[in-house]
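First comes the structure, then the notes that go with it.
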Amino acid sequence: LVLTGLGVLAYYNKNFFFELTPQAKVSVFYLLSAAMGGVGFWLQRNKENLKNYGQVLLAGGFAGVYFTTYAAHVIPPVKIIDDATFALLLLFAWGGFMVWVADRLKSETIALFATGASYYATYVPLIHSGDVSDDWVILFSNLVLAVAAVVFMLRNRWLKMPVLSLSASYAGFLLWQLRVDEPSLTIAVSFAVSLWVVYTAAVFLSRSGAFSDRQRAAFLTANNAAMFGLLAVDVLKDPDAKFWILPMVVGVALLGCALAAVRWLEDQSLSRKSYLTQGLVLVTLGLMTMKMSDSIQALILAAESVVLLFMAIRRNNFIIQIGALIVSAIAVIYALIDIGERSPDYL
């Protein structure tokens, strides 16, 4: 509620009983956040029966400072930081400080609430209006929080952090796509790929026993699907874009992850198979959507069915074996259609 109130006041241009300049508003926001965080720190140190409540207040203070710094560049009525680079450095520094404090106190509560509230605070401008001054700052802010969440997981085995972060980051990206009139494809690709790299690093670097093979496979699948799906929406909006390049590049990257998983995730068979299967599916999608492949789609699928069958036999993988049979059946259907329509290459 406090963060929502700060967001409303940041946009509110009318005076109440006296006029507040942008500098005064930002100062009041910082003071309010510091007071909330200070009370929270005192409670969690001195009042055992209010320790959890104090940690939540402390996290709210952290998020309030994060939002105020963010708003001071993004929201026009309180914009006092003109340099985007300086704003990003401040956000990065404060994100690092939040990580340091939560790590020193060993408090997952502070980490969860501070990160979650900071995500929410960054979306206030998008919820209020799509007219914001700098898309880069909005999306980079999410990236800072994503890195913080992964650091929490790697240092303290707080597995809720990357799950919360992944959901919030991609949800914010989707909200940005919906609220901004003409989202830049360059910004979209840069942000989505950066997020994907951060969460893929979490998949490979996490050695926590609590991060089971099934959980890891579900996490990496959600990461891959979110990145590809959100980018596909942007690419399909551009009539001049060659869609087949996207699944081909992402598919090759996932196959590379599958090879890396053989060494780094030796005991995580489901995770390795997930990368392999998803990579093959996307590479196939790329081949099938190339314009030059219109008359040889049956041959592409027929060749892939042989590769899949060989792979299934080598790896003793029943799922890939079924996939090979399905792909070969689809290849036969395409071949019959080509023969029936007497396409140029049907022979």
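Both backbone and side-chain heavy atoms feed into the values below; hydrogens, waters and symmetry mates do not.
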Checklist entry - Under the salt bridge (charged side-chain N to carboxylate O under 4.0 Å, His left out) rule, what pairs show up with a residue in residues 35-48, not counting sequence neighbours? => result none

Item to check | Thr289 (side chain) donor-acceptor with Gly286 (main chain) under 3.5 angstrom | outcome: yes

Checklist entry - With ring centroids as reference points, do Trp94 and Phe62 lie under 6.0 angstrom apart? => result yes

Checklist entry - Side chains of Lys160 and Leu112: does their closest heavy-atom pair fall under 4.5 Å? => result yes

Checklist entry - Ser169 side chain to Leu166 main-chain N or O, any donor-acceptor pair under 3.5 Å? => result no

Checklist outcome for this item: Separation between OG1 (Thr186) and CZ (Phe191), nearest 0.5 Å, reads 15.0 Å

Next on the checklist: For a 4.5 angstrom cut-off between non-hydrogen side-chain atoms, does Leu145 reach Tyr66?
Outcome noted: yes

Item to check | Contacts of Thr284 that satisfy side chain to side chain donor-acceptor pair (under 3.5 Å) - sequence neighbours left out | outcome: Glu304

Which atom pairs, one a donor and one an acceptor, fall under 3.5 Å between side chains of residues 246-272 and the rest of the protein, sequence neighbours left out?
{"unit_1": "Gln268", "atom_1": "OE1", "unit_2": "Asp213", "atom_2": "N", "d": "3.4"}
{"unit_1": "Gln268", "atom_1": "OE1", "unit_2": "Arg216", "atom_2": "NE", "d": "3.0"}
{"unit_1": "Ser271", "atom_1": "OG", "unit_2": "Asp213", "atom_2": "OD1", "d": "2.9"}
{"unit_1": "Arg272", "atom_1": "NH1", "unit_2": "Leu265", "atom_2": "O", "d": "3.0"}
{"unit_1": "Arg272", "atom_1": "NH1", "unit_2": "Glu266", "atom_2": "O", "d": "2.6"}

Checklist entry - Quick one: does Tyr334's side chain have a donor or acceptor within less than 3.5 Å of a partner on Ile300's backbone? => result no

Checklist entry - With a 4.5 Å heavy-atom cut-off, do Leu282 and Asn224 have their side chains touching? => result no

Next on the checklist: Do Gln44 and Phe41 have side chains that approach each other closer than 4.5 Å (heavy atoms only, starting at C-beta)?
Outcome noted: yes

Checklist entry - Should Asn52 and Gln55 count as side-chain neighbours, where that means a heavy-atom distance under 4.5 Å? => result yes

Item to check | Separation between CG of Leu280 and CG of Leu285, rounded to the nearest 0.5 Å | outcome: 12.5 Å

